[in-house]
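Throughout, a chain's letter reflects where its sequence line sits, starting with A, and its residues are numbered from 1. Here the structure is a predicted model, which means the values were calculated and not measured.
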There are 2 protein chains.
Amino acid sequence: MAASIRDVAEHAGVSVGTVSNVLNRPDVVSAATRERVLDAIAALGFVRNESARQLRAGHSRTIGLVVLDIANPFFTDVARGVEDVANSAGLAVILCNSDDRPEKESAYLDVLAEQRVQGVLITPTAELSPHLQTLRRRGVPVVLVDRRAPGPDQCAVAVDDVLGGRLAAEHLLERGHRRIAFIGGASGLPQVQERHAGIETAVRDATGGDDALVVFSPEQLTVDAGREAAARIVGMPAARRPTAAICANDLMALGVLQEMVRQGVRVPDDFAIVGYDDIDFAASAAVPLTSVRKPRQALGSRAAELLLDEARGGEHAHVQEVVEPTLVVRESSMVFRDREGTP
Amino acid sequence: MAASIRDVAEHAGVSVGTVSNVLNRPDVVSAATRERVLDAIAALGFVRNESARQLRAGHSRTIGLVVLDIANPFFTDVARGVEDVANSAGLAVILCNSDDRPEKESAYLDVLAEQRVQGVLITPTAELSPHLQTLRRRGVPVVLVDRRAPGPDQCAVAVDDVLGGRLAAEHLLERGHRRIAFIGGASGLPQVQERHAGIETAVRDATGGDDALVVFSPEQLTVDAGREAAARIVGMPAARRPTAAICANDLMALGVLQEMVRQGVRVPDDFAIVGYDDIDFAASAAVPLTSVRKPRQALGSRAAELLLDEARGGEHAHVQEVVEPTLVVRESSMVFRDREGTP
DNA sequence: CAGGTCGTCTGAATCGTTTCACAACGGAGG
DNA sequence: CCTCCGTTGTGAAACGATTCAGACGACCTG
């Protein structure tokens, strides 16, 4: 059906080797011949067959990216960072969505192995899949994204989530909150556990105990889960009810915000909310969300750079980067006096 | 490096043909031999080489999906629909983001052609790229998503955006609005133009003229663009200032909402907003957005089904589907009396 | 017992590209 | 005129899986 390099060769009256040279090393072929070959290519509508190239080369010109939740804008921003770097290196990205489910993750890792991707970028589910180990044993570089490496034999670009949790908690504690909810997930993601730990430390430092912290662990880290948690908070007796919440991600924070508003709870006057990730929608919520900012796109591009370096071969020093998040204070956690500038 | 089918054959003491049979037609090989081959596969950690399969097969086991803006949750929802269908057919999806730029789109179409994808799903930029025609001439099925087909020789799953625009406009007109802004894009996307046309019709039917409609055409359909348009609206003299806006998508609507709130304009009491697409974030905005709902995920899955049907070969009747959107009324367009239930 | 059938396995051809050793040619230098 | 060299171009051997015609027994049937 499709024209092959051989058809082009015949049409141009040269050998297949020459056509290949025109394609890959145009300088070694004379201008006249090159012209003829190029004409033939245009005439036949020839398009290189990547499969054949890859077969010969032993590897493909793609990398895999496996994320936890494609519906979370955090990950689309990461993906964009990855894409930019990969594209300028002439690589395509195969984007896979594990939905935080180990089976889906494993299935995708198998697909990527069969595709002979040059490397895999992954924000893994709670447990590191054995398929990841297998991949690495086969010599496929794997870089963890938004997750610390388990050892020094692997690259990772992570965020200091203990610090992130601490920043969020200290911010609320400074504003006088003494009953704070942490709305995290039950999946056991270390990122979330670290945030929890950071919050606990800050709370303990400020109050001398854990009593000020109420933990909610919904199944998933979604907007709906945030809504439900908010409903439960509103239903608590006033004496024990938290006055603020730190959410494990902005999706949940938006859910909390929405439910609070729906129930007539004023944000931030009656209830303060701090999110995590600082996705764009956090700033565009009608009550803009205070959030712990991670460099979303940079996370992706940096991880991709490390992956490409490792894939390029040569000496490669594994790097475990941990970037520090910052707190972006917006209206959702400002008590009224702050807005007015009076003490 | 990696074990090939030949290594497996040697290790198991059989021919390569037999190994291939174990992989593809396990029933034609005796249980004993199958066992031996399976053991060898496990022992060597053999993983099929997709490139070789594809080369032989003449096509890959992937489809391409090209979207206008991966940061827009509308498209991630579409992508999820595509993914579900593709995965259960054993196909992988290569997700490409054109950013509404024809050059990027063309570049990605070239990549997809080289990958010998089984088909391409695309929400194209304003002009249909010649690369699309080329693809189709090469026999690669192309299905348009959220865009009408230019002719009957092609599948498409579109939305009746004239109706969508009309629904949005009638809703506002019924509530008494007589100066309405349409915040669309300058890129010339037919979807947006149709919405515009539907709005114009409704306005003309209700008021007998075009005077009630003010059109804004920002460069892009983003949150920021929405914010800027809102700022311009607020800056207009009260006599000419619209009392409501219909936005070409929810991203812009969220931007408008945010800026209005920031400027102290009450939504919906002082200004009503209607978005388009009904992304999840529309409902979770603190002033929940009225929006024109499109079946986002279904759009993707239906398009993928059509593509697979066409790719499967056999007789395939091209289908141009046009689904009807519905208006989801939420708070952002409810005037106060509506909320209270009084006329 | 010849001939046929069935189940199982083999081996070679094939897909389209890249790569590399080598051939052909022309010109420069001796 | 011969040799040497650089420039171009050739052609065949990979890469790894699939497929298909056919080999080979074993078994059945008339």
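- Residue A/Gln54 contributes atom CD, which lies 13 Å from atom C1' of C/dT18 at whole-angstrom precision.
- Considering only the side chain of B/Val16, C/dA12 comes nearest among D/dT10, C/dA12, D/dG16.
- Taking a 6.0 Å sphere around CZ of B/Arg136, one finds it holds more than 12 heavy atoms contributed by other residues, nucleotides or ligands.
- Take B/Asp99 and apply the salt bridge (Lys or Arg N to Asp or Glu O under 4.0 Å) test, not counting sequence neighbours, and it matches A/Arg80, B/Lys104.
- Contact detail for A/Leu144 and A/Ala149: the closest heavy-atom pair is CD1-CA, 3.9 Å.
- For the pair B/Thr33 and B/Val14, the minimum side-chain heavy-atom distance is below 4.5 Å.
- Among residues at least two apart or in separate chains, ring pair (Phe, Tyr, Trp, His ring centres under 6.0 Å) pairs with a member in residues 296-318 of chain A are A/His316-A/His318.
- One can place CZ of A/Phe46 at 7 Å from P of C/dT18, the figure rounded to the nearest angstrom.
- Distance from the side chain of B/Arg6 is smallest for D/dC15 among the nucleotides D/dT18, C/dT10, D/dC15.
- Atom pair B/Gln115:CD and C/dG16:P shows a separation of 16 Å (rounding to whole Å applied).
- Atom CZ of B/Arg116 is separated from atom P of C/dC15 by 14 Å (rounded to the nearest Å).
- Of the residues near DNA chain D, A/Gly13 and B/Arg48, the one whose nearest nucleotide (by heavy atom distance) lies more toward the 5' end is A/Gly13.
- Taken residue by residue, residues 17-40 of chain B places heavy atoms nearer than 4.0 Å to DNA chain C at B/Gly17, B/Thr18, B/Val29, B/Ser30, B/Thr33.
- At distances below 3.5 Å, at least one donor-acceptor pair connects side-chain atoms of A/Arg36 with backbone N or O atoms of A/Ala12.
- A straight line from NE2 of B/His59 to P of D/dT18 spans 12 Å, rounded to a whole angstrom.
- Atom-to-atom, CD of B/Glu10 to P of C/dG11 comes out at 12 Å; the value is rounded to the nearest Å.
- For A/Leu55 and D/dT18, the CG to C1' distance is 12 Å, given to the nearest whole Å.
- Looking at A/Val157 and A/Val145, their side chains never come closer than 4.5 Å, going by heavy atoms from C-beta outward.
- Here the C1' atom of nucleotide D/dA17 and the CD atom of A/Glu114 are 12 Å apart, to the nearest Å.
- Between B/Arg56 and the phosphate of C/dT14, there is no side-chain N or O to OP1/OP2 separation shorter than 4.0 Å.
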